[in-house]
There are 2 protein chains.
Amino acid sequence: MKEIQDREQLKHYLRAFQLESVFHEPLRPHLSLYGFEPGDLICTQGQAPEYLYVLVHGKLKIYTTSSEGKTLVLSFKTPLEVIGDVEYVRGTPILNTVEAVTPVCMIGVQYRWLHNYGKDHAPLLQFLLDIITQKFYVKSNSLSFNLMYPVEVRLASYLLSVTSDESESRLEEQGSAVSLSDAANFIGTSYRHLNRVIRQFCIQGLVERRKGVIVVKDRNGLSSLAGHNIYEHNQGKGETRL
Amino acid sequence: MKEIQDREQLKHYLRAFQLESVFHEPLRPHLSLYGFEPGDLICTQGQAPEYLYVLVHGKLKIYTTSSEGKTLVLSFKTPLEVIGDVEYVRGTPILNTVEAVTPVCMIGVQYRWLHNYGKDHAPLLQFLLDIITQKFYVKSNSLSFNLMYPVEVRLASYLLSVTSDESESRLEEQGSAVSLSDAANFIGTSYRHLNRVIRQFCIQGLVERRKGVIVVKDRNGLSSLAGHNIYEHNQGKGETRL
DNA sequence: GCCAATTCAGGACATATGTCCTTTCCCAAT
DNA sequence: ATTGGGAAAGGACATATGTCCTGAATTGGC
């Protein structure tokens, strides 16, 4: 992590994401921009958190590791997203490990300033509510989905959610570098089993393998397999009530 | 559902749960008390919500039903808990079905009043944040746990979390009426498989069956099976930062 | 271009879990 | 008491998924 000393850039992001009222005057001096390189850990499961981060550029991977060493990828995040919000509100240790997948830029604020100047600031509270309810919503879907459907269906849904709508879209686009084993950990299965299901999809003509890359051949087929159940992504802010 | 016309009782609950500042003067006239009988549905997945409810007495079951008819029990809730909070903030249809397990009493407020008089009211926002982050936390644990461990471990954890600390505690206490098939749906497995695992636990001397009731015989044994992973319950408000 | 080291795909087998069906047992209505 | 219905437990089998290992493919260094 390195701090980026560029108040102009910071202002730019605040404007671009309409965060000016969220981080009002008293908080401004305590905001900083931080850069992370792919593979950098932003925070680690179990540690005491210190900063609230707002992701404004790049892609993050959120995962948890069991005591036996198994890894479960919980989500991939793109802007606008917040890291450390739940921990801030609850005062608990960091829940999941967060790692930069691409070069990442985040706005960071120390909890103490957030608390001093923000704890009664309605726009900030509303912003946090908005973000956290969205997270809750996504996680809730994810929980039901993972518990109710077999890997086959989850993979179909996953492929639909990470590839774009072109006639032939492949996994691993725009340098997003989602490896197959990450995908397996995300779906909550083993790498081995993922391969098995992919092979089956190949046979059914739904996807194709091309040197380590999966190419979606038949979105409709995948859709009918997945049913209406799609891994929900950050679909923007939607209509919030606040 | 029937409305309970008793302002004194309402005041009593507000005091008991320290909700007086959360629901401040302008909101008070729009609060009502509602009673539900076991089996009553408080709200149904997919509907348009209208009320925010605060559970002040009784026990609720939250579940979701897939289009194929499979049911997944997401949680059981006891006071203090809020229903409809995520939907209120996000303006979305009801996510999960909520059913009374015991006689239930809840404080209800229509969204429109909440919005009119509460959308900038910091104590209310803080309250919602507190509740929702707690929900998020529990759900997050639940997701990882369910995806990472086999039914055996989940059941051990579940038994520990629903039975009290006595030397011999049985499932199905204090009229809580958690049926085995509810338990199966909660753990995310089939009734058949749950039985299989219970049988195995019996053989290992961990639990005993007595006419449809499960009696925990060896908490330590269950603990070592479950590892440190326990289904998190509402462990009170904890230390919140707000 | 060649080799060692690493990643990747898949075979073989074990285990976990689901589905369907049968048996038993309990209770309520007659 | 008799009987029908339905919960509760478990048998038999099919399927889904995990683990371990092997051989092919790929890559980076020389």
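Just the heavy atoms: all of them, side chains too, but no hydrogens, waters or symmetry mates, feed the values below. The model shown is predicted, which means the values in this text are computed figures rather than measured ones. We name chains A, B, ... by the order of the sequence lines, and we start the count at 1 in each one.
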Pick from B/L74, B/I42, B/D182, B/N185: which one makes a side-chain contact (heavy atoms from CB on, under 4.5 Å) with B/K61? B/D182

Test A/D85 against every option in A/K77, A/K135, A/R90 by the salt bridge (Lys or Arg N to Asp or Glu O under 4.0 Å) rule and name the one that passes. A/K135

Would you please classify the geometry between the B/Y149 ring and the B/F145 ring as parallel, tilted or perpendicular, with 30° and 60° separating the classes? tilted

Separation of B/R192 atom CZ from D/dA9 atom P, in whole Å? 11 Å

Please report the shortest heavy-atom distance between A/S75 and A/F186, naming the atom on each side. CA-CE1, 3.8 Å

Closer to the 5' end of DNA chain C via nearest nucleotide, is it A/R209 or A/L147? A/R209

Between A/K70 and B/R196, which residue's closest nucleotide on DNA chain D lies nearer the 5′ terminus? B/R196

Starting at atom CD1 of B/I214, determine the distance to atom P of D/dA8, rounded to an integer number of angstrom. 11 Å

Please confirm whether the backbone N or O of B/V86 pairs with a side-chain atom of A/T133, one donor and one acceptor, at under 3.5 Å? no

Can you tell me how far C1' of D/dG10 sits from CG of B/L194, to the nearest Å? 13 Å

Tell me the bend of the helix from C/dG1-D/dC30 to C/dT30-D/dA1 as the angle between end helix axes, each from five pairs, rounded to the nearest 10 degrees. 30°

Given A/V207, which partner from the list A/L155, A/L159, A/V215 fulfils the side-chain contact (heavy atoms from CB on, under 4.5 Å) test? A/L159

Name the nucleic acid region contacted by A/S190, choosing base, sugar-phosphate or nothing; use a 4.0 angstrom heavy-atom cut-off, strictly under. base

Output, in order, the C-alpha distance, side-chain angles, deciding distance and verdict of side chain to side chain contact (heavy atoms under 4.5 Å, CB included) for A/I198 and A/L180. CA-CA 10 Å; A/I198 287 175; A/L180 270 192; 4.0 Å; yes

First and last nucleotide of DNA chain C touching chain B, 5' to 3', heavy-atom cut-off 4.0 Å? C/dT17 to C/dC20

Pairs where residues 190-217 of chain A contributes a residue and the test ring-ring contact (aromatic ring centres under 6.0 Å, His included) is met, not counting sequence neighbours: none

